[in-house]
Number of protein chains: 2
Amino acid sequence: MVTLAEVAQHAGVSASTVSYVLSGKRSISATTRQRVEQSIRELGYHPNAGARALASSRSNIIALMVPLRTDMYVPVMMEIAIAVATTARTHGYDVLLLTGEEGPDAVRRVTGSGLADAMILMDVELDDERLPLLREAAQPSVLIGLPADTTGLTCVDLDFRATGALCVEHLAGLGHRDVAVIGEAPAVYERHTGFAERTLDGLRSRARETGVRLLHRPCEGGYDAMAVTLARVFDERPGTTGFVVQNESAVEPLLALLRQQGRAVPEDVSVVAICPDQVAVQASVRLTSVSIPAQEMGRRAVEHLVAKLDGRGADEVVLLAPELTVRASSGPAAS
Amino acid sequence: MVTLAEVAQHAGVSASTVSYVLSGKRSISATTRQRVEQSIRELGYHPNAGARALASSRSNIIALMVPLRTDMYVPVMMEIAIAVATTARTHGYDVLLLTGEEGPDAVRRVTGSGLADAMILMDVELDDERLPLLREAAQPSVLIGLPADTTGLTCVDLDFRATGALCVEHLAGLGHRDVAVIGEAPAVYERHTGFAERTLDGLRSRARETGVRLLHRPCEGGYDAMAVTLARVFDERPGTTGFVVQNESAVEPLLALLRQQGRAVPEDVSVVAICPDQVAVQASVRLTSVSIPAQEMGRRAVEHLVAKLDGRGADEVVLLAPELTVRASSGPAAS
DNA sequence: ATGAAAGCGCTAACAG
DNA sequence: CTGTTAGCGCTTTCAT
């Protein structure tokens with residue numbers, strides 16, 4: 001293994017000079033720099049991560065805690081994780097992958113050991129037990145998601161309240177009066193995941209304002225569950241002409257069932273989905289949708305974290321504005 | 001920050017004793033151990049990761065390189081990643097998440113810096129440019145996937161050849177004579193990802209043996225692409241009664257289109273999918289399928305790696321046997 | 001613009 | 001069974 005000292009000797013300079021060439025923390029004459037860089041290349045030198053971390057008390061690692069469960073839409077998680085990893089790299093950080101499994105212990109372990117310089121938490125619950133630890137941790141953190149109490153925390157999330165409102169607004173504008181909301185699995189609501197409840201909030205309040213009647217039904221993914229849910233919806237509200245779907249694994253089943261029942265989309269019923277664009281575009285009817293900006297969330301989370309690590313940036317709640325894209329699944333209410 | 005020395009002082013023992021209590025590398029009297037453990041708890045001590053890594057030249061980190069692309073089935077990737085992370089934890093390792101983006105450079109960086117003790121690579125191509133680096137690296141590694149040349153490497157993968165064979169066998173046994181294979185996106189084949197080609201191999205050779213006529217068509221995901229592909233299939237082989245699908249985002253579109261064309265599943269055509277069980281169960285017709293054992297692959301990869309790190313275990317290719325589960329989408333060929 | 005040297009916190013011989 | 005001690009490879013004052 002090549003060490004800094006060996007590089008220094010090879011280049012005929014002191015160890016500190018090599019270190020400074022690497023960090024750029026003080027000016028080096030062009031010739032020395034070149035000689036050092038040459039030696040580094042010739043010897044194939046790579047700074048030792050452990051030694052660096054010990055001496056600088058900086059690991060250049062960001063911990064990312066992803067949920068263990070897979071009852072929510074996985075591709076979004078993955079997209080966020082990948083965006084976090086790639087953005088982190090552009091700032092010189094690597095990403096440590098933690099699963100929610102260990103819960104608060106993982107937070108203790110990572111913050112306590114200095115394994116990571118900072119952390120990002122996904123899938124935050126309204127009253128998450130990891131939050132107190134984060135508030136008192138030495139390392140900065142960013143949540144992707146929005147807990148009930150955000151004091152002392154930085155959060156990045158899609159504005160799900162506005163998302164809900166936007167969906168209802170779109171349907172109301174098209175003349176729909178009875179709208180059904182196909183929600184996430186019941187477990188998601190029971191867990192009090194923020195985004196599901198906030199979406200509902202937005203849906204309801206805008207429905208009130210626009211005189212739309214709303215029927216909310218949580219729904220497990222899959223065809224069978226969707227069939228049951230749909231039957232109940234039309235049973236309770238036969239006049240339903242609009243659907244808002246916030247459960248990707250219910251999207252295609254819903255479309256299939258509607259087709260099967262002879263209800264044309266968008267002639268007879270309109271469907272608005274809250275899902276990644278890819279899902280909206282690949283569905284059997286190109287879906288009018290509000291997209292979940294997974295990449296942007298991951299990127300923004302890292303950028304806030306890096307700002308904090310650099311002493312810039314303070315606690316803040318960043319809510320990304322939703323954008324609704326009109327596609328083929330929504331149209332005027334049948335009159 | 002609490003250090004080992006402080007714990008030692010608090011407990012009235014030497015630093016090394018504390019270290020040995022932690023590592024268990026030499027026997028400690030019950031009373032000393034208790035005193036030390038007590039002090040650790042009282043002071044809230046956490047060993048410093050960097051110092052540990054430097055002194056022991058062991059980071060207790062496993063690097064996991066995931067593909068950046070998302071043209072392949074993401075949930076499988078995620079499931080593997082999570083299985084890797086949780087299994088690694090049970091062995092005292094954390095997981096560093098690398099994206100394929102950096103390519104071979106990431107391998108150099110990680111192995112060179114001692115950031116990780118070992119690595120796991122997913123989405124390995126037949127002639128992957130990272131392989132030479134792995135072979136000469138000081139750290140052990142495991143591939144999830146199977147390259148063309150496995151000498152000096154350890155690989156874990158589903159036996160896709162056997163998987164293909166199993167699918168054809170099932171359909172042949174039911175009397176199907178014309179079988180269409182709906183494959184991954186063309187890009188996947190162009191990239192020479194091993195699993196896609198191996199599946200095809202298995203499909204073809206067993207088709208030959210059983211006298212089945214096979215028609216293979218790569219297919220982008222989504223409804224529109226599937227519609228085009230399906231039309232071509234029935235155009236070329238009107239007598240097609242069996243389908244093998246190896247592209248999760250084509251599964252539901254295929255079922256919807258068949259339904260729409262008045263072809264009943266499984267009465268008129270049978271469908272066998274290669275996909276995670278969850279997809280098979282949630283589809284609009286419960287699918288006969290060969291499941292992709294993502295969790296097991298992740299778990300096995302870590303266990304092999306840990307074995308290598310502990311000086312046990314040698315290079316080896318582990319092919320997991322496929323299992324076909326008969327569900328509602330396959331039945332006797334229409335006579 | 002460069003060097004010298006003191007640690008960073010821990011592990012692992014070596015010595016009893 | 002326990003203590004002493006010499007590093008691990010790097011960063012960062014303090015000098016010059």
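The figures that follow rest on heavy atoms only: side chains count, while hydrogens, waters and symmetry mates do not. Lettering follows sequence order; numbering is per chain, from 1.
Contact check on R300(B) versus E303(B) returns no salt bridge, with no Lys/Arg side-chain nitrogen under 4.0 Å from an Asp/Glu carboxylate oxygen. The existence of a salt bridge linking E102(B) and R109(B) is confirmed by a sub-4.0 Å separation between a basic side-chain nitrogen and an acidic carboxylate oxygen. Ion pairing between a basic and an acidic side chain is recognised when a charged N comes within 4.0 Å of a carboxylate O; D159(B) and R198(B) show no such pairing.
Boundaries of the chain B contact region on DNA chain C are dG9(C) to dC14(C), first to last in 5' to 3' order (nucleotide atom under 4.0 Å from a heavy atom). Nucleotides of DNA chain D lying under 4.0 Å from heavy atoms of chain B occupy a range whose first and last members, 5' to 3', are dC1(D) to dG9(D).
Residue V18(A) is classed as having no contact, given no heavy-atom separation below 4.0 Å to the nucleic acid. At the heavy-atom level, S29(A) lies under 4.0 Å from the strands shown only through sugar-phosphate atoms. Residue contacts for S16(B): at a heavy-atom cut-off of 4.0 Å it reaches a base atom on one of the strands shown. Within the 4.0 angstrom heavy-atom criterion, only backbone atoms of the sugar-phosphate kind lie near T32(B); the bases stay farther away. G12(A) comes within 4.0 angstrom of sugar-phosphate atoms only, judged by non-hydrogen atoms across all strands, and of no base. Counting any heavy atom pair closer than 4.0 Å across all strands shown, S23(B) reaches no nucleic acid atom. Nucleic acid contact class of I28(A) (heavy atoms, under 4.0 Å, all strands): sugar-phosphate only.
Here the side chain of R41(A) pairs no donor or acceptor atom with the backbone of V36(A) at under 3.5 angstrom.
Applying the 6.0 Å contact sphere to CG of D127(B) captures no more than 12 heavy atoms from other residues, nucleotides or ligands. Residue Q9(A) places its CD atom among 12 or fewer non-hydrogen atoms of other residues, nucleotides or ligands, all under 6.0 Å distant.
Here the shortest heavy-atom pairing between M297(B) and L158(B) reads SD-N, 4.0 Å.
Of the two residues contacting DNA chain D, namely T17(B) and S56(B), the nearest-nucleotide position lying further toward the 5' end is that of T17(B). The nearest heavy atom of DNA chain D to Y20(B) and to A5(A) marks one nucleotide each, and the one closer to the 5' end goes with Y20(B). Each of R26(B) and H46(B) was assigned the nucleotide of DNA chain C with the nearest heavy atom; the assignment lying further toward the 5' end belongs to H46(B).
Side-chain atoms of R58(B) and Y93(B) include a donor-acceptor pair closer than 3.5 Å.
Here the CZ-OG distance, from R135(B) to S141(B), works out to 9.5 Å after rounding to the nearest 0.5 Å.
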